[in-house]
Every structure is written in structure tokens, then in C-alpha cells.
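Working notes, structure below.
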Amino acid sequence: GNSVTQMEGPVTLSEEAFLTINCTYTATGYPSLFWYVQYPGEGLQLLLKATKADDKGSNKGFEATYRKETTSFHLEKGSVQVSDSAVYFCAPRGNQGGKLIFGQGTELSVKP
Amino acid sequence: DGGITQSPKYLFRKEGQNVTLSCEQNLNHDAMYWYRQDPGQGLRLIYYSQIVNDFQKGDIAEGYSVSREKKESFPLTVTSAQKNPTAFYLCASSKQGKVSTDTQYFGPGTRLTVL
């Protein structure tokens with residue numbers, strides 16, 4: 001079945017540092033790939049998505065590229081801010097409308 | 001404003017009681033979903049509905065029930081049969097349930113605590 005593996009947290013960075021959160025997945029066919037962000041005590045917000053190979057999703061300075069050859073969708077940001085502190089979830093979704101598959105999430109803490 | 005509302009934000013229940021969590025959306029989405037989140041873990045799918053008057057079990061449906069009588073509403077009942085109901089419950093919706101590119105949008109969640 002489909003699955004996802006995310007980099008374990010917590011990840012602690014200083015403000016303006018470079019961020020990478022690794023995500024690899026297993027899925028049949030050509031899944032769509034999503035990154036969601038969850039701030040403390042809140043629901044999930046869509047951060048970005050990519051729906052086919054080599055697509056790059058981007059939003060609020062975050063980027064992720066759909067790499068079919070390595071089945072990866074790593075999240076990057078060039079300069080993190082304290083306000084980026086949250087839990088990040090990578091979630092593939094199988095073709096034909098399969099369910100979203102969530103990993104355990106990666107907690108990011110950015111210190112001033 | 002369009003969006004998904006969940007109520008209440010916090011809910012306390014005594015053991016042996018059923019409780020119903022509300023989820024309403026005004027996005028005109030066909031599909032709706034219920035997830036459960038436990039501390040430090042990802043989300044697990046409880047039930048989903050791709051169209052009115054139809055719903056399917058997810059990965060952890062035991063001890064839960066749902067109904068989908070209206071397009072905008074998808075209430076979840078946590079029954080006394082659910083052995084460990086204390087968790088954060090998230091409702092989501094998407095425009096079309098069967099399209100993989102379709103984005104799921106989430107509500108703010110309900111935190112259920114069993115006393």
C-alpha cells in the first residue's frame with residue numbers, strides 16, 4: 001500500500017537558516033503530493049502541492065519538487081522565520097482519488 | 001467567508017456516553033472526511049463521504065458513526081464502543097473526492113477529552 005516517510009523531528013533552527021525537511025513516499029501509479037502545515041492547536045493548512053513529475057510547488061517562500069525517480073518531495077525554505085514554527089506533514093494521495101496518507105509530521109522550531 | 005467550521009472546539013465526555021461532533025462547510029464541496037490525530041502522530045482516516053447519502057469506512061472506523069444527509073454537513077458520533085476516544089478530531093472537505101489532484105481543506109478541529 002501507499003506510505004510516506006518523513007524526517008524525524010523536532011528540527012531546531014536559528015532565524016534565517018536554510019530549511020530542508022525530507023519526505024519520501026511509496027505509491028502505485030502517479031500520486032499527487034501535498035505539504036500541509038499545522039500551527040499549535042489548529043487544523044491543517046495546505047502549504048503547497050504538486051500533481052505530476054518535475055512539478056514544483058511553492059508558497060510563502062517554501063518550495064518542493066516532485067521527484068518521481070527518487071520518490072521524494074522534500075520541503076525547502078531559504079530563510080526561516082520564527083513564525084514558521086509548526087508541524088509539517090507530507091501527504092501523498094494516490095491516483096483515482098485515493099486517500100491522503102500522512103506521516104507522523106516534522107516539528108520545526110525556529111529560535112530568534 | 002467560505003470555509004469549514006467545527007464545533008465545539010473543546011468537548012468533554014464521561015465514559016459510556018455517546019457524543020456528536022459537528023462539521024459544516026459552505027464551499028459547495030462534494031466530498032467530506034473525518035480524521036483522528038493523536039499526540040505526536042499523523043492523521044488517520046475514520047470515515048469519508050464522496051457524495052450526499054453515501055459514506056465509506058476509513059482505516060479506524062470502529063466505534064464511530066457518521067451521516068451525510070446534507071451536502072454541507074457531515075457529523076461524527078463517537079460511541080461508547082470507541083475504547084480510546086480522547087484525541088483531536090479534524091474534518092476536511094474537497095471539491096471532488098475521486099480526483100487525486102483535488103485538495104483537501106481542513107477545519108480548526110475539535111479536541112475531545114474523556115473524563
Side-chain angles (χ1 to χ4, degrees), chain A residues 1-11 21 23 25 27-53 55 57 59 66 73 86-109, chain B residues 3-10 21 23-25 27 29-51 54-61 87-111 113:
Chain A
N2 299 342
S3 66
V4 60
T5 301
Q6 274 185 243
M7 175 176 176
E8 282 198 24
V11 174
I21 299 178
C23 170
Y25 65 91
T28 55
Y30 297 89
S32 294
L33 303 173
F34 300 82
W35 274 102
Y36 284 88
V37 58
Q38 184 178 35
Y39 298 100
E42 298 184 8
L44 274 67
Q45 299 176 24
L46 176 70
L47 183 58
L48 53 84
K49 73 177 188 181
T51 59
K52 61 183 188 293
D55 264 3
N59 185 27
Y66 190 139
F73 193 50
V87 179
Y88 293 81
F89 292 94
C90 178
R93 188 174 189 201
N95 55 357
Q96 299 175 356
K99 63 181 180 181
L100 278 169
I101 307 297
F102 286 93
Q104 82 281 8
T106 301
E107 182 182 357
L108 170 66
S109 177
Chain B
I4 303 171
T5 56
Q6 291 186 244
S7 61
K9 189 170 176 64
Y10 299 96
L21 282 59
C23 177
E24 304 277 333
Q25 54 97 1
L27 300 168
H29 285 172
D30 285 330
M32 297 186 75
Y33 312 80
W34 274 105
Y35 293 88
R36 170 182 172 138
Q37 185 179 28
D38 292 286
Q41 297 187 30
L43 280 65
R44 293 182 289 169
L45 183 65
I46 304 172
Y47 267 99
Y48 64 102
S49 167
Q50 293 181 327
I51 198 167
D54 188 38
F55 50 83
Q56 289 79 41
K57 293 182 179 180
D59 298 319
I60 56 165
F88 190 47
Y89 291 87
L90 288 158
C91 177
S93 71
S94 67
K95 190 170 177 60
Q96 298 170 312
K98 293 187 177 181
V99 177
S100 67
T101 57
D102 197 32
T103 298
Q104 289 187 22
Y105 296 93
F106 286 79
T110 292
R111 188 167 299 280
T113 303

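Chain A is the first sequence line, chain B the second, and so forth, proteins listed ahead of strands; every chain is numbered from 1. Given the structure is predicted, the values throughout are model-derived calculations rather than measurements. Values below: every heavy atom of this structure, side chains too, minus hydrogens, waters and symmetry copies.
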Open item on the list: Can you tell me which of B:Tyr105, B:Phe106, B:Tyr33 forms the most heavy-atom pairs within a distance under 4.5 Å of chain A?
Closed with: B:Phe106
Open item on the list: To the closest 0.5 Å, what do you measure between OG1 (B:Thr103) and CZ (A:Arg93)?
Closed with: 8.5 Å
- [ ] Tell me, for A:Leu46 versus chain B, whether the close heavy atoms (under 4.5 Å) come from the side chain, the backbone, both or neither.
- [x] side chain
Task: Sub-4.5 Å side-chain heavy-atom contact between A:Leu100 and B:Tyr35 - done: yes
Open item on the list: Return the NZ to CD distance between A:Lys49 and B:Gln104, rounded to the nearest 0.5 Å.
Closed with: 11.0 Å
- [ ] Kindly give the heavy-atom pair with the smallest separation between A:Gln38 and B:Phe88, and that separation in Å.
- [x] NE2-CE2, 3.7 Å
Open item on the list: Less than 4.5 Å to any heavy atom of chain A: does that hold for the side chain of B:Tyr48, its backbone, both, or neither?
Closed with: neither
TODO: Count the heavy atoms belonging to other residues, nucleotides or ligands that lie under 6.0 Å from OH of B:Tyr47, then report whether that count exceeds 12.
DONE: yes
Task: B:Leu43, part contacting chain A, at a heavy-atom distance under 4.5 Å - done: both
Open item on the list: Once rounded to the nearest 0.5 Å, what's the spacing between atom OH of A:Tyr30 and atom OG1 of B:Thr101?
Closed with: 16.0 Å
Open item on the list: Is B:Gln37 close to chain A through its backbone or its side chain, or both, or neither, when contacts mean heavy atoms under 4.5 Å?
Closed with: side chain
Task: Winner by heavy-atom pair count (cut-off under 4.5 Å) against chain B, out of A:Ile101, A:Leu33, A:Thr51, A:Val87 - done: A:Thr51
- [ ] State whether the number of non-hydrogen atoms from other residues, nucleotides or ligands found under 6.0 Å of A:Glu8 atom CD is greater than 12.
- [x] no
